[in-house]
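Just so we're on the same page: letters track the sequence lines, and every chain starts at 1. Quick note: numbers below take in every heavy atom, side chains included, and nothing from hydrogens, waters or symmetry partners.
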Amino acid sequence: MPELPEVETTVKDLNKKVLGRTFIDIWSDFKKQVKKPKNFEQFKKEIKGRKIEKVRRKGKNILFDLSDSKTLLIHQKLTGHLLVGYWILDNGYWRPKVKGPLEEKINTFIHLLFTFDNGQMLALSDLRKFAKIELWDRKNLKKELSSLGPEPLVKDFTFQKFKDVLTGKKGKIKQILMNQEVIAGIGNIYSDEILFEARIHPLKEVPNLNKDEFKEIFRAIKKILKKAVKLRGESISDFRDIGGRRGFFDEYRKVYRKEGQKCSRCGAIIKKIKIAGRSAHFCSKCQKL
DNA sequence: TGCAGTGTTGCTTC
DNA sequence: CGAAGCAACACTGC
């Protein structure tokens, strides 16, 4: 499940690989994944001939700025992967032309594939088919994404700003951290890891946090997300970079899906509970309620 | 074998 | 208005 660090890794790699490329063709076997324009032929017509000027990230959204002020938005949701390479259509499945990590079974789930002017391809692999693809006029996109909260890794996301966005919020800290309208980009894995780093219990009510606890959470957000970006994301779920390679955050992961194991800090057993229908992992001894 | 668990977003319901 | 539940989908693990 791609969260901020995984999307950031993807976007950085895409900027190295596909900048200046022009779309010449699009293939799909699941056309309703393209939500805007709804008509796939229309989408195809509008994409063809357009050039990629820049790739950006907003929260968990990937934005391809194209020529003529269009922007292609891709949200990977749970199991979407963007892959760059060369494939051949074989019996309804895309097979990679060259040996390597792209040969893993994520290939089976390619439902959308763009071909560029140099023969290179951009594939969207998506097991659960939840990913969303939309083509926007750039001027309308800002409004569309305006409900997203601030980007946690930018310099001007200061402690003051963090306090401001949390002030007045009711609810459990875990839920608030995952709310994209409060802060953009944090999902289930990193909210667990951030709260472990900050030694705060996921069920802690936001209005009950004192200043020191706010400070710890703020510090932990920056630390964990920066670390995860540096390590090119996780791969306990099925994240892969655009070359099909894993991230390295798993070696650093302390609580997510570690229930029953010993806490690396105090040796107590890591617990798993449900919060608003989501799994939450934490150490009940060193994370304070 | 069968069914709960998996996570993100948005829509529906209360 | 907000919170909770569920659907979108398909595969894994118990």
Side-chain angles (χ1 to χ4, degrees), chain A residues 1-8 10-11 28-36 38 40 57-63 73-82 92-93 104-112 124-134 136 141 143-149 152 165-195 202-203 205-207 225 228 233-240 247 249-250 253 255-261 270-282:
Chain A
M1 69 216 96
E3 302 178 28
L4 185 151
E6 291 75 33
V7 180
E8 183 72 20
T10 302
V11 164
S28 174
D29 68 351
F30 190 67
K31 299 182 168 68
K32 73 172 184 185
Q33 215 162 6
V34 177
K35 313 286 181 194
K36 190 180 184 308
K38 279 219 168 73
F40 186 76
R57 178 185 64 74
K58 279 271 179 222
K60 302 175 190 171
N61 297 280
I62 298 173
L63 306 173
L73 180 156
I74 298 183
H75 193 302
Q76 304 173 96
K77 299 281 180 86
L78 270 69
T79 53
H81 302 78
L82 281 177
Y93 291 103
E104 276 192 65
K105 66 173 179 182
I106 41 178
N107 280 297
T108 317
F109 311 117
I110 291 177
H111 298 299
L112 185 70
L124 176 65
S125 150
D126 187 10
L127 184 150
R128 287 173 73 176
K129 298 179 176 172
F130 287 174
K132 154 178 112 167
I133 298 101
E134 295 171 341
W136 288 86
L141 192 65
K143 199 173 158 200
E144 169 69 13
L145 298 175
S146 64
S147 61
L148 280 177
V165 295
L166 262 79
T167 301
K169 293 281 182 306
K170 278 181 276 184
K172 298 165 180 63
I173 183 63
K174 160 99 175 162
Q175 270 180 279
I176 301 292
L177 283 180
M178 286 195 298
N179 184 340
Q180 301 304 297
E181 297 182 13
V182 178
I183 300 170
I186 300 172
N188 214 25
I189 299 177
Y190 293 108
S191 57
D192 277 1
E193 296 298 325
I194 285 165
L195 290 173
L203 287 174
E205 295 288 332
V206 170
L225 293 181
E234 52 83 23
S235 49
I236 178 163
S237 64
D238 58 354
F239 173 71
R240 297 293 184 276
F249 186 78
D250 279 9
R253 182 168 47 92
V255 283
Y256 181 78
R257 289 213 199 159
K258 299 248 183 189
E259 65 270 27
Q261 299 184 34
I270 303 295
K271 290 198 171 149
K272 176 178 163 183
I273 56 169
K274 270 227 174 319
I275 301 178
R278 325 290 302 278
S279 63
H281 311 74
F282 64 101

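In this model, the phosphate group of dT9(B) is approached by a side-chain N or O of H75(A) to a distance below 4.0 Å at OP1 or OP2. Close to dA10(C), at under 4.0 Å from its OP1 or OP2, lies a side-chain N or O of K129(A). Side-chain N/O atoms of R278(A) include one lying less than 4.0 angstrom from OP1 or OP2 on dT8(B). OP1 or OP2 of dC9(C) lies within a sub-4.0 Å distance of a side-chain N or O belonging to K32(A). A sub-4.0 Å separation between OP1 or OP2 of dT9(B) and a side-chain N or O of K60(A) is present.
The NZ atom of K77(A) sits 6 Å away from the P atom of dG10(B) (whole-angstrom rounding). The distance between atom CD1 of I133(A) and atom P of dT9(B), rounded to the nearest whole Å, is 15 Å. The distance from atom CG of L127(A) to atom P of dA8(C) is 17 Å, rounded to the nearest whole Å. Atom CG of L78(A) is separated from atom C1' of dC11(C) by 12 Å (rounded to the nearest Å). A straight line from CG of L145(A) to P of dT8(B) spans 18 Å, rounded to a whole angstrom.
With dT8(B), dT6(B), dC11(C) as the candidates, the nucleotide lying closest to the side chain of K272(A) is dT6(B). The listed nucleotides are dA10(C), dT8(B), dA4(C); the one nearest the side chain of R128(A) is dA10(C).
K172(A) comes within 4.0 angstrom of no nucleic acid atom, judged by non-hydrogen atoms across all strands. Contact annotation for S279(A): backbone-only contact, meaning every heavy-atom pair under 4.0 Å involves sugar-phosphate atoms and none involves a base. Using a 4.0 Å heavy-atom distance criterion, Q76(A) is classed as making no nucleic acid contact. Residue K274(A) is in sugar-phosphate contact alone, with no base atom involved, counting any heavy-atom pair closer than 4.0 Å across all strands shown. Residue contacts shown for E3(A) are limited to sugar-phosphate atoms, with no base heavy atom under 4.0 Å away.
When the nearest nucleotides of DNA chain B are assigned to K132(A) and R257(A) by heavy-atom distance, the more 5′-ward of the two goes with R257(A).
Going from the C1' atom of dA4(B) to that of dC6(C) covers 15 Å, rounded to whole Å. Taking atom P on both nucleotides, dT1(B) is separated from dC9(C) by 25 Å, rounded to a whole Å. When the P atom is used for both dC3(B) and dA7(C), the distance is 16 Å, rounded to whole Å. To the nearest whole angstrom, the two C1' atoms, one in dT12(C) and one in dT9(B), are 23 Å apart.
Contact check on D250(A) versus R253(A) returns a salt bridge, with a Lys/Arg side-chain nitrogen under 4.0 Å from an Asp/Glu carboxylate oxygen. The pair R57(A)-E8(A) counts as a salt bridge, with a side-chain nitrogen and a carboxylate oxygen less than 4.0 angstrom apart. Taking a cutoff of 4.0 Å between a charged side-chain nitrogen and a carboxylate oxygen, D192(A) and K174(A) qualify as a salt bridge.
Between the side chain of K169(A) and the backbone N or O of V165(A), at least one donor-acceptor pair lies under 3.5 Å.
Counting only N and O atoms by type, the side chains of K272(A) and S279(A) include no donor and acceptor under 3.5 Å apart.
Close placement of the Y190(A) and F249(A) rings is indicated, their centers lying within 6.0 Å of each other.
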